[in-house]
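Just so you know, residue 1 is the first one in the sequence shown, and it goes up from there. The structure displayed is predicted, hence computed values, not measured ones.
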Amino acid sequence: MIPRGRPALTEADIAAERKVVLKTWQRNEGADLRDRVPLVNEGGRLRLYDEEQVRAFFSGSPWPPGAGHGKAEGAVSADGVSMWPPAVPPGEEHPDDLLTDQEAAAVLETRPSTVRDYGTGGYLPVVQRHGRTWYRRADLEARLSAGDQRHQPHLTGAGRPQGAKDKAPRRQPDPRVAEIAAGLALAAGGDKQSVTAAEVAERYGVGERTAQRLLAAARDHGADSD
């Protein structure tokens, strides 16, 4: 979940802003940032940090803003470094929270596959960020509470929009492919091998096989654009 839909950064985003190769950044600055700045999506495969906290960390500012240096209360790591408190107090639900398909399924009391069907079929608004699909809590609550069947998908017994098995939804272009292709185009000397599957896996929080598939598709995408 991304609390309140606040801007968030992946480690790849941070490394790019610092103009450092991802693995170099992780080896040098990454450990210090992880000891101080908490994840906004604890437990998620894609590591996301609150953008405002990241910028405060690199500027040497305290957190919360206005607190004295070293006075912010939070968890203490094994080496005695104080972890900042979350940018958004935990446990507070907000209409602009961005939820994963699994989290959305818990709100709608259905299955993640059904949530994805809703998004693909246009029954539920989606938000694209960091190469992933998210769902606003407000949209989920509206879908859950809508009593007029004209504003709800007609469901089959399996809890899927009627016709979902009869006609496959149109496959939408994977936004990650275009992002990776853009990165390949900017690679030094135009070397399309300079971006590795490991970097793709880290950026998008996917497995190695998926990363290889995305990288191959991005190279094909770049070739088609030439």
Side-chain angles (χ1 to χ4, degrees), residues 1-63 65 69 72 74-75 77-79 81-88 98 100 127-134 173-222 225:
M1 180 181 76
I2 301 179
R4 302 183 187 178
R6 286 170 62 95
L9 298 173
T10 66
E11 292 192 348
D13 294 331
I14 298 170
E17 287 197 10
R18 305 290 286 177
K19 295 181 172 57
V20 179
V21 175
L22 176 60
K23 289 190 177 299
T24 301
W25 179 85
Q26 290 173 328
R27 185 168 56 250
N28 297 332
E29 294 181 328
D32 291 337
L33 181 133
R34 294 191 198 105
D35 285 340
R36 181 70 69 178
V37 181
L39 293 172
V40 300
N41 61 331
E42 191 66 43
R45 293 186 63 183
L46 181 65
R47 301 175 68 89
L48 292 172
Y49 303 88
D50 183 82
E51 182 177 355
E52 187 177 352
Q53 285 194 322
V54 170
R55 303 206 184 287
F57 172 81
F58 284 114
S59 68
S61 302
W63 190 272
H69 284 272
S77 64
D79 57 4
V81 177
S82 177
M83 175 73 76
W84 283 350
V88 176
L98 296 181
T100 64
V127 177
Q128 298 292 341
R129 281 198 192 175
H130 309 294
R132 294 192 169 191
T133 300
W134 306 81
D174 191 327
R176 295 173 294 187
V177 173
E179 290 180 4
I180 298 168
L184 290 170
L186 293 174
D191 179 6
K192 292 190 176 183
Q193 301 299 325
S194 60
V195 178
T196 67
E199 290 173 336
V200 173
E202 172 64 27
R203 180 178 181 86
Y204 296 105
V206 298
E208 182 178 356
R209 182 171 299 179
T210 300
Q212 292 172 345
R213 176 181 61 79
L214 290 171
L215 190 54
R219 288 174 179 146
D220 290 343
H221 180 89
S225 300

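- Inter-residue side-chain proximity for K23 and Q26 is flagged as met; some heavy-atom pair is nearer than 4.5 Å.
- For the atom pair CD of E11 and OH of Y49, the computed distance is 3.5 Å after rounding to the nearest 0.5 Å.
- Residues satisfying the side chain to side chain contact (heavy atoms under 4.5 Å, CB included) criterion with R129, sequence neighbours excluded, are I2, L98, V127, W134.
- Atom CG of residue L22 and atom CZ of residue R27 lie 10.5 Å apart, to the nearest 0.5 angstrom.
- Heavy atoms only, all atoms of each residue included: R36 and S82 are closest at NH1-O, 2.9 Å.
- In this structure, A56 and W63 approach most closely via the heavy-atom pair CB-CE3, 4.1 Å.
- A heavy-atom distance below 4.5 Å is not found between the side chains of D13 and E51.
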Stepwise, does the side-chain contact (heavy atoms from CB on, under 4.5 Å) test hold for F57 with D32? CA-CA 10 Å; F57 172 81; D32 291 337; 4.1 Å; yes
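- Taken to the nearest 0.5 Å, the CE atom of M83 stands 6.5 Å off from the CG atom of D35.
- I180 and A218 make their closest contact through CG2-CB, 3.5 Å (heavy atoms, listed as atom of the first residue, atom of the second, distance).
- No side-chain donor-acceptor contact under 3.5 Å links D220 to the backbone of A217.
- Between E29 and I14, the closest side-chain pair of non-hydrogen atoms is not below 4.5 Å.
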For residues 39-46, which side-chain donor-acceptor pairs fall under 3.5 Å, sequence neighbours excluded?
residue, atom, partner, partner atom, Å
N41, OD1, L48, N, 3.1
N41, ND2, L46, O, 2.5

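- For the pair E17/F58, no side-chain contact is recorded, criterion being any heavy-atom separation below 4.5 Å from C-beta on.
- In this structure, W25 and L33 have side chains that are in contact, with non-hydrogen atoms separated by less than 4.5 Å.
- Side chains of L215 and E199 form no contact here, defined as non-hydrogen atoms less than 4.5 Å apart.
- Between the side chain of Q53 and the main chain of P85, a donor-acceptor pair closer than 3.5 Å is present.
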Working note: T100 + M1, criterion side-chain contact (heavy atoms from CB on, under 4.5 Å); need CA distance, chi angles, decisive distance, verdict. CA-CA 6 Å; T100 64; M1 180 181 76; over 6 Å; no
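- In this structure, R47 contributes its side chain and T10 its backbone to no donor-acceptor pair below 3.5 Å.
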